[in-house]
Each structure stands twice: as C-alpha cells, then as structure tokens.
2 protein chains.
Amino acid sequence: MHSQKDVTIYDIAEKLNLSPTTVSRGLKDHPAISKKTKKRINDIAAELGYRFNTFASNLRSKRTNTIGVIIPRMNSSFMSAVLAGMEKVANEASYNLIISQSLESAEKEAVNVKTMFNNRVDGLMVSVAYDTVGVSQFEMLLEKGIPLLFFDRTLDHPQCTSIVIDNYKSGYLATQHLIAQGCKNIIHITGNLARNVYADRQRGYESALKDAGIQADPNNTFINVLDEQAGIDCAQKILKMNPLPDGVFVDNDTCAVNCMAILMNNGIKIPEDIAFIGFNNDPISRVIRPALSTINYPGFEMGEIAAHKLIAHLNGQQSINSTNSIILRSELIARDSSKRIK
Amino acid sequence: MHSQKDVTIYDIAEKLNLSPTTVSRGLKDHPAISKKTKKRINDIAAELGYRFNTFASNLRSKRTNTIGVIIPRMNSSFMSAVLAGMEKVANEASYNLIISQSLESAEKEAVNVKTMFNNRVDGLMVSVAYDTVGVSQFEMLLEKGIPLLFFDRTLDHPQCTSIVIDNYKSGYLATQHLIAQGCKNIIHITGNLARNVYADRQRGYESALKDAGIQADPNNTFINVLDEQAGIDCAQKILKMNPLPDGVFVDNDTCAVNCMAILMNNGIKIPEDIAFIGFNNDPISRVIRPALSTINYPGFEMGEIAAHKLIAHLNGQQSINSTNSIILRSELIARDSSKRIK
DNA sequence: AATAATTATGCAACCGGTTGCATAATTATG
DNA sequence: CATAATTATGCAACCGGTTGCATAATTATT
C-alpha cells in the first residue's frame with residue numbers, strides 16, 4: 001500500500017558526482033552530453049528505478065506535449081478510425097492524446113473543454129456534440145493562444161481550421177444514386193440541421209431532387225438523433241405513410257439498418273419497394289442483408305490530417321489560422337439495398 | 001498565436017493584499033478561510049481569468065486524482081458502456097480518467113503502462129490485450145504501491161482484484177442452449193486460450209457437451225482473433241466440413257454475424273441447418289436477420305464497479321488486496337438464430 | 001607549446017501551488 | 001475587563017525538472 005520515496009535526478013546526480021543539470025540533459029539525449037556520461041546516467045537511472053516526473057517538467061517548461069480530443073462518442077468504427085489516425089501521428093511526434101466523450105451533450109462538452117484547459121493541453125481537436133450552440137465555450141482557449149481545430153462536426157470560427165468531407169456532394173450523390181435507380185419519392189433521415197454535416201447533406205439532397213425536376217417536400221425530411229431507436233421510430237412513421245416512399249437516404253448506417261429491419265419485418269421488400277442508402281460505411285453495412293449502400297468516410301485519414309495540421313502549428317511550421325478548411329474525398333458505395341436496376 | 005503571461009495565485013494575492021497561502025486555500029474552499037475572503041478571491045480570480053495549474057499542484061501534493069484505463073479497443077458497444085460506467089463513478093468522486101488503447105498488442109500495452117506510470121496515475125484499470133504474456137510489465141506499478149485492477153480480460157496476480165462475468169457458466173449456458181435445440185455437432189469459435197475469458201468459455205463449452213453425453217472434438221474449437229475477417233475465414237472452413245456442424249457458438253457477435261452472412265450466401269439456412277449463438281449482445285445482434293442469440297454482458301455495471309472498487313481503495317476505505325475477484329451476472333438471450341424448436 | 005575552437009558540465013534561479021507550524025484577529029467565557 | 005478558545009491568515013520551505021549563461025575540459029590549429 002505505501003510507496004517508497006521517489007528517485008529524482010538529484011539522487012542520480014549524487015551517485016555519479018554530476019550536477020542535476022547534466023543528468024536532466026543526459027536523460028533527454030541532449031547533444032551537449034557525451035555518450036559515455038549518457039550511458040552512465042541511463043544505467044544508474046534504470047538501476048535505481050527512476051521515473052520521469054512529468055509535472056515538474058511541464059511546470060517549468062510550460063509545455064505538456066499533450067493534445068486534447070473531444071468527440072461525441074467513441075463507439076463507432078468511424079470515430080475509432082479517426083482516433084487511431086490521430087494517435088499514430090501524435091505518437092510519431094511524441095505527443096500524448098487525452099480523449100474524452102461529450103456523449104452528444106453540449107453541457108458535458110463544455111465541462112470537458114474546461115478540464116482540457118486546466119490540464120494545459122497544447123492544442124485541442126473537437127468534433128462537436130449534437131446540440132452545441134455557439135463557440136463561446138471555446139473562447140478561453142483562443143484567448144490564451146491554444147490552437148483549436150474542428151473535424152467532421154465543425155463550428156465556424158475565424159481562427160480555427162476544419163477538417164471535413166464534402167457533405168454537400170455526398171448528400172447529392174446519395175440522392176442522385178437513388179433517383180438513378182428510379183426513386184421519385186425519397187425520404188432524408190438526418191440530424192440537427194445546426195450541425196454542418198447534416199445541413200450540408202440536406203442541401204445536397206435538395207439540390208439533387210431539384211436537378212432531377214423533383215419538388216422537395218419538407219415532410220420528407222425527418223430529423224432525429226440517428227441512433228437505433230430513431231431508426232425504429234422512423235420505420236413506424238414510414239409505415240403509416242400513404243403512398244409509401246420509394247427511397248430512403250439515412251445519414252448514419254446504424255439508424256439505417258434498424259429502420260430497414262423493421263420495414264422488412266412488415267413485409268416491405270428492399271430495394272424493390274423501398275431503396276436504402278446509409279452513411280459512414282460502418283461494418284454493419286456489409287453484414288446486413290441486403291447489404292447497405294452507403295457513403296464511405298475516410299476516418300483514419302481525417303484523424304491523421306487533423307493531428308498533422310495541429311502539430312505543424314504547434315511546432316511553428318504552419319499556422320492553423322491560414323487555412324479555413326480541408327476537405328477530404330468521400331465516395332459512394334452501391335450495394336444491394338439500393339440496386340433496383342440490373 | 002502568442003499567449004499572455006498566466007495569472008497565478010500570487011497575482012490574486014497581490015491584488016487583494018493577501019498571502020498566496022490564503023488564496024490557494026480560498027480557491028480550494030478550505031474551512032479555515034472566511035466566506036467573505038473566499039468570495040473576494042473567487043471574484044478576482046474570475047476577473048483576471050485565472051486558471052488552476054494542475055502541474056504545480058500535482059508536483060507538490062504528489063497526487064494526481066487521475067486513474068488510467070487501458071483497453072484493447074474502444075470501438076465496441078461493450079467497451080463503450082464500460083467506459084461510460086467508469087467515467088460516471090470517477091466524475092462523482094472527482095477523479096479524471098486517462099484512456100488508452102492497446103489495439104490488442106502486448107507491446108503497445110506495455111508502452112501504455114509506462115506512459116501511465118510516468119503520468120503518475122493514482123491507479124490503473126486494465127483489460128489486457130490479446131497476446132499479453134505474464135504480469136511483469138505491471139510490476140513497476142505495484143512496487144510503487146499503485147493499485148492495479150483488471151476487468152473482463154484479466155491476469156492472475158495476488159495483489160490485484162478482477163471484475164469479470166462468469167465466463168465458464170456463460171459458455172456452458174450457450175452450449176447447453178444449442179444442445180437443447182437439438183444440436184449435436186457444435187463448433188466453438190474462440191480466442192487465445194491464455195485469456196481467461198476464452199479459456200473459461202471453452203471449459204464451459206466442454207462441460208456442457210460432456211454433461212449431454214457428447215464427446216468434445218478438439219477440431220471443433222476454432223481459435224482466432226474474432227474480428228470480421230476471422231468470421232469470414234471460419235465460414236469458409238465450415239463450408240468445407242463434412243458433415244457440416246449443426247451449431248456454432250462464437251465468442252463475439254461481430255465475428256458471429258460475419259460468419260453467418262457468408263454461410264447464408266452459400267445457401268445454408270440458419271437456424272435450420274446450423275444454429276448460431278454469439279457473445280456480448282452488441283447492437284448488431286438485434287439488427288441482423290435472423291436475429292442473433294447471444295450472451296448479455298453488463299458493461300456499464302462492470303465499469304461502475306471497477307471504478308468504485310479502485311476509488312474506495314485509493315480513499316483508504318477498502319483495500320483492493322482483500323478481494324480476489326468480483327463476478328457479475330450475465331444472461332442468455334435466445335433469438336431466432338438458434339430457435340429450432342417452436 | 002600556445003592559442004583558438006569545440007565540447008562537456010555546472011550554477012542558480014525558476015515554474016506555481018501546498019502544507020506544517022506560527023501568529024494575528026476575533027469571539028466567547030468567567 | 002482579562003483571559004481562554006476559536007477562527008483566520010501568513011511564513012517559508014518544498015515538490016523535481018529546466019534553461020540561460022558561465023566555466024571547465026578536451027581537441028584542433030598554427
């Protein structure tokens with residue numbers, strides 16, 4: 001239960017008749033220290049069970065080499081890929097990542113920002129919660145010159161870069177694809193239109209309809225939180241429609257497959273009666289039958305690029321303020337859930 | 001880009017003609033400071049934009065109020081639930097969580113342990129990687145008296161408590177269920193048998209077979225990493241068997257649904273030809289058709305209990321060493337993928 | 001061998017809260 | 001009103017690396 005007194009660089013210095021300065025530099029592989037001395041230092045450090053004190057270091061140097069990440073949830077394969085990409089880049093540049101979830105709550109998100117702020121992260125990467133309003137909760141960071149970067153779900157701010165896919169184009173492509181399969185009465189299931197991702201896809205949806213000479217019906221846009229239950233609820237709502245829609249574009253695969261499952265239970269044939277297309281290319285889209293058409297989202301790259309960009313800024317190589325946004329490529333994957341034309 | 005000089009308690013002290021000591025105590029709501037003074041301190045702190053310096057505090061007080069968590073991956077609904085449970089309890093006790101992924105690699109896990117160690121976590125909760133061997137990488141923690149707790153995928157150590165479900169019983173129940181549905185030739189798809197979870201389920205599987213008078217065939221146990229690809233590979237392997245098995249018990253829903261999908265593509269009827277049962281009750285198990293029978297795993301509670309236990313130890317309320325393991329209830333959920341008897 | 005150039009090491013102040021103990025200020029008690 | 005008891009505040013050392021600048025040690029140059 002009780003811990004020994006910690007070994008410090010002073011203990012090592014004493015053992016070797018060196019100054020703490022030299023020990024500190026030796027451990028950090030400083031070029032001014034001779035190889036011989038470095039070896040002696042490292043050997044003794046290992047022998048005594050020395051461990052580096054991050055707090056003393058951070059306190060003095062005023063740098064933490066830590067980057068904060070705040071995301072809505074981490075239990076999606078997309079987010080998991082983003083994090084993996086970030087971690088890879090951060091690791092290579094010897095930065096640590098502190099990750100926290102807002103669980104889609106603006107309130108919790110604000111608390112997380114504050115915690116990150118107190119933990120003195122060098123920079124912060126955020127994908128905002130479902131109901132976040134305004135950017136005021138981030139101002140304290142910017143006032144202190146802590147760089148802030150948004151990815152996927154972004155906010156508009158003159159000092160922040162955003163990393164996104166072209167959601168407008170993706171929404172357009174998905175809708176156009178359904179139209180090409182003969183759909184004329186298409187539902188769009190989306191989220192809070194205050195979020196760029198959903199607003200842009202909705203715009204894409206509307207443009208595609210318009211370009212095909214179809215009048216967009218506001219009642220055909222369903223707004224909800226896009227989780228499992230929402231998918232089920234949407235299915236119930238669709239079953240009550242008359243006439244039934246002949247195509248559904250859902251902004252999230254999880255929601256889409258749950259919706260499909262209920263409809264199929266009720267005797268509706270997919271894609272013959274209703275064609276479906278989702279979003280994200282989650283693993284589930286490949287397993288369900290019929291396999292779900294979807295938009296592929298480059299999560300890993302998004303994470304890599306976000307982390308690269310932020311670290312380049314921190315290292316003074318390239319300011320984050322010069323860029324407005326970086327747009328990654330996304331692509332449509334057509335599978336059986338939408339293929340009506342053989 | 002450039003940050004102002006930070007506001008410290010010294011600045012506040014000067015403004016109010018107080019000592020830094022009083023300011024420090026005032027901010028911490030110390031009982032010896034009068035209400036009036038506390039208010040003055042907090043007002044000025046807010047006005048100047050003071051932020052607490054965690055490093056200075058941690059350095060001096062030698063406590064971080066931070067708990068480390070190392071998990072194989074966070075992109076499963078089970079792990080996400082565990083983390084949510086941990087975070088809830090930790091928050092309430094004003095502890096922070098640092099979460100990192102081993103990505104199933106023992107090597108990365110060891111690096112993570114070291115980082116946590118250097119970051120001076122007050123305690124550590126671990127679910128070990130697929131191929132972790134031995135406990136030596138954790139010894140440095142125990143030597144310093146840093147409490148270590150395992151959950152789900154555990155290691156045996158006299159000083160560590162484990163939080164688990166009864167994997168033996170779960171494996172027994174799953175197998176027994178398939179037998180009750182008329183299966184006689186049952187495959188068990190499992191993971192590295194050095195991991196308690198897989199070894200225990202395998203024992204349960206064997207016992208259930210034995211109790212039903214069925215001879216366990218070693219060739220009927222498939223060992224792999226239980227991911228999507230593994231599910232596909234297992235399906236190929238099963239298709240080549242003669243006779244085909246009539247039941248499959250998979251230790252993970254993701255792997256199970258991928259395996260099922262391939263078999264169904266090849267004309268095999270589920271559950272008529274082969275009955276399936278998975279493990280974890282992932283959302284996917286409810287969406288796939290036929291819906292996948294599975295074992296429900298209390299992730300959120302597991303997280304809560306683990307965090308509670310560790311924090312009680314840290315607060316000196318209940319030593320972790322007195323407990324060997326805590327076993328949570330799990331349950332079988334029978335769905336269409338295994339129901340052959342109407 | 002003397003001096004310059006280079007390499008290696010040390011000094012001492014610093015980062016900003018925290019804490020045991022002492023002291024000042026206020027209130028209660030006789 | 002004096003003294004005890006209680007409450008509020010301050011002193012000064014401390015936690016353990018870091019860094020600008022000075023100095024010592026070694027190697028190169030003439």
Side-chain angles (χ1 to χ4, degrees), chain A residues 3-42 44-45 48-66 94 96 117-122 144, chain B residues 3-42 44-45 48-66 94 96 115 117-120 122 144:
Chain A
S3 54
Q4 315 283 329
K5 186 135 179 22
D6 273 326
V7 177
T8 71
I9 55 170
Y10 296 93
D11 300 325
I12 298 174
E14 200 175 17
K15 265 251 164 49
L16 293 172
N17 264 318
L18 287 171
S19 72
T21 306
T22 304
V23 175
S24 172
R25 290 184 177 136
L27 291 168
K28 277 270 156 67
D29 204 24
H30 190 287
I33 307 297
S34 71
K35 275 193 178 172
K36 234 187 311 175
T37 309
K38 276 178 192 165
K39 174 147 175 44
R40 290 204 303 152
I41 292 171
N42 281 308
I44 291 287
L48 298 182
Y50 166 78
R51 70 168 158 165
F52 182 71
N53 189 318
T54 318
F55 305 124
S57 173
N58 289 345
L59 174 59
R60 177 60 225 247
S61 61
K62 300 195 154 193
R63 257 198 149 227
T64 63
N65 280 308
T66 299
S94 46
N96 289 319
F117 184 64
N118 282 337
N119 281 326
R120 299 280 208 280
V121 293
D122 291 336
K144 294 274 182 195
Chain B
S3 53
Q4 315 283 330
K5 187 136 182 18
D6 273 325
V7 178
T8 72
I9 53 169
Y10 296 92
D11 300 323
I12 298 174
E14 201 174 13
K15 265 251 167 39
L16 293 172
N17 264 318
L18 287 171
S19 72
T21 306
T22 304
V23 175
S24 172
R25 289 184 178 135
L27 290 168
K28 277 271 156 69
D29 205 23
H30 191 286
I33 307 297
S34 71
K35 274 193 179 171
K36 234 186 310 174
T37 309
K38 275 178 192 165
K39 174 146 176 42
R40 290 204 302 149
I41 292 171
N42 280 307
I44 291 286
L48 299 182
Y50 167 78
R51 70 168 161 168
F52 183 71
N53 190 318
T54 318
F55 305 124
S57 172
N58 288 345
L59 173 60
R60 177 59 225 250
S61 61
K62 299 194 157 194
R63 252 196 153 228
T64 64
N65 280 309
T66 299
S94 47
N96 289 319
T115 304
F117 185 63
N118 282 337
N119 281 327
R120 300 281 208 280
D122 291 336
K144 294 274 180 191

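In what follows, every chain begins at residue 1, and chains take the letters A, B, ... in the order their sequences are listed. All of these numbers come straight from a predicted model, not from anything done at the bench. We use all heavy atoms of the structure for the numbers below, so side chains are in, but hydrogens, waters and symmetry mates are not.
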Selection: residues 16-33 of chain B, any non-hydrogen atom under 4.0 Å of DNA chain C: Thr21(B), Ser24(B), Arg25(B), Lys28(B)
Watson-Crick and G-U pairing of DNA chain C, under 3.5 Å, as dot-bracket with | and [ ]: ||||||||||||||||||||||||||||||
Earlier contact from the 5' end, DNA chain D, for Thr37(B) and Thr8(A):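 In this pair, the answer is Thr37(B).
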Pairwise 5' ranking along DNA chain D for Ser61(B) and Ser57(A), keeping only the more 5' one: Ser61(B)
As an exercise, state the distance from [atom1] of [X] to [atom2] of [Y], rounded to the nearest 0.5 Å.
X: Phe52(A); Y: Asn119(B); atom1: CZ; atom2: CG; value: 10.0 Å
X: Lys62(B); Y: Phe55(A); atom1: NZ; atom2: CZ; value: 11.5 Å
X: Asn17(A); Y: Thr22(A); atom1: CG; atom2: OG1; value: 11.5 Å
X: Leu18(A); Y: Ile33(A); atom1: CG; atom2: CD1; value: 8.5 Å
X: Asp6(A); Y: Leu48(A); atom1: CG; atom2: CG; value: 12.0 Å

Asn96(A): side-chain hydrogen bond (donor to acceptor under 3.5 Å, both in side chains) partners, not counting sequence neighbours: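 Asn96(A): no side-chain hydrogen bond (donor to acceptor under 3.5 Å, both in side chains) contacts found.
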Sugar-phosphate only, base, or nothing, as touched by Thr54(A) at under 4.0 Å among non-hydrogen atoms: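 Since no nucleic acid heavy atom lies under 4.0 Å of Thr54(A), the category is nothing.
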Sugar-phosphate only, base, or nothing, as touched by Phe55(A) at under 4.0 Å among non-hydrogen atoms: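 No contact at all - Phe55(A) keeps every heavy atom at 4.0 Å or more from the nucleic acid.
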side-chain hydrogen bond (donor to acceptor under 3.5 Å, both in side chains) partners of residues 48-61 of chain B, not counting sequence neighbours, each pair once: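 Counting only pairs at least two positions apart or across chains, no side-chain hydrogen bond (donor to acceptor under 3.5 Å, both in side chains) contact touches residues 48-61 of chain B.
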For chain A, the stretch of DNA chain C it reaches, first to last nucleotide, under 4.0 Å of its heavy atoms: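 Contacts span dA8(C) to dG16(C), reading 5' to 3'.
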Summary of salt bridge (Lys or Arg N to Asp or Glu O under 4.0 Å) pairs that have at least one residue in residues 11-33 of chain A, sequence neighbours excluded: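 For residues 11-33 of chain A, and leaving out neighbouring residues, the salt bridge (Lys or Arg N to Asp or Glu O under 4.0 Å) pairs sorted by first residue read Asp29(A)-Lys38(A).
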Audit row: Thr66(B), Asp122(B), side chain to side chain contact (heavy atoms under 4.5 Å, CB included) steps and yes/no: CA-CA 6 Å; Thr66(B) 299; Asp122(B) 291 336; 5.6 Å; no
Residue pair Ser24(B) / Ile9(B): nearest heavy atoms and the distance that separates them: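 Here Ser24(B) and Ile9(B) meet closest at CB-CD1, 4.2 Å.
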